[in-house]
Amino acid sequence: MRDYLDRRWRVEAALWICYWHALGRDDQESVWYCAGHSLLLSVFWLAALAGGLLVLGAFMQFLQGGCR
């Protein structure tokens with residue numbers, strides 16, 4: 001089990017690096033491949049989306065006078 005987890009972590013790390021380098025090169029095929037095969041990237045973007053929505057909600061509440 002430990003070998004599987006170690007291999008999985010190495011694959012996730014390689015996909016993470018692949019994704020960011022592909023974004024820098026504007027290589028859309030590699031971006032989609034890395035994003036489609038990486039659980040870490042999916043969790044990252046889901047957390048970024050949730051965080052962005054929370055910030056947007058707090059800002060909208062502030063604009064409506066909810067922050068006193």
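When reading the values below, keep in mind they use all heavy atoms of this one structure, side chains included, and skip hydrogens, waters and symmetry mates.
- Interatomic distance, L49 CG to L54 CG, rounded to the nearest 0.5 Å: 9.5 Å.
- Across C18 and S30, no two heavy atoms sit closer than the pair SG-O, 4.4 Å.
- By the 6.0 Å contact criterion, CD on E29 is open, its count of non-hydrogen atoms from other residues, nucleotides or ligands being 12 or less.
- A distance of 7.0 Å separates CG in L15 from CG in L41, rounded to the nearest 0.5 Å.
- The local environment of CZ in R25 is crowded, with over 12 non-hydrogen atoms from other residues, nucleotides or ligands closer than 6.0 Å.
- Distance check: L56 CG to Q61 CD gives 11.5 Å after rounding to the nearest 0.5 Å.
- Sorted by first and then second residue, the pairs that involve residues 31-43 and meet side chain to side chain donor-acceptor pair (under 3.5 Å), not counting sequence neighbours, are E12-S38.
- Electrostatic pairing of R10 and D6 counts as a salt bridge here, judged by a charged N lying under 4.0 Å from a carboxylate O.
- Nearest heavy atom pair, residue Y19 against residue A35, reads CE1-CB, 3.9 Å.
- Remark: F44 engages W16, W20 in a side chain to side chain contact (heavy atoms under 4.5 Å, CB included) (not counting sequence neighbours).
- When every heavy atom of L23 is checked against every heavy atom of V31, the shortest pair comes out as N-CG2, 3.7 Å.
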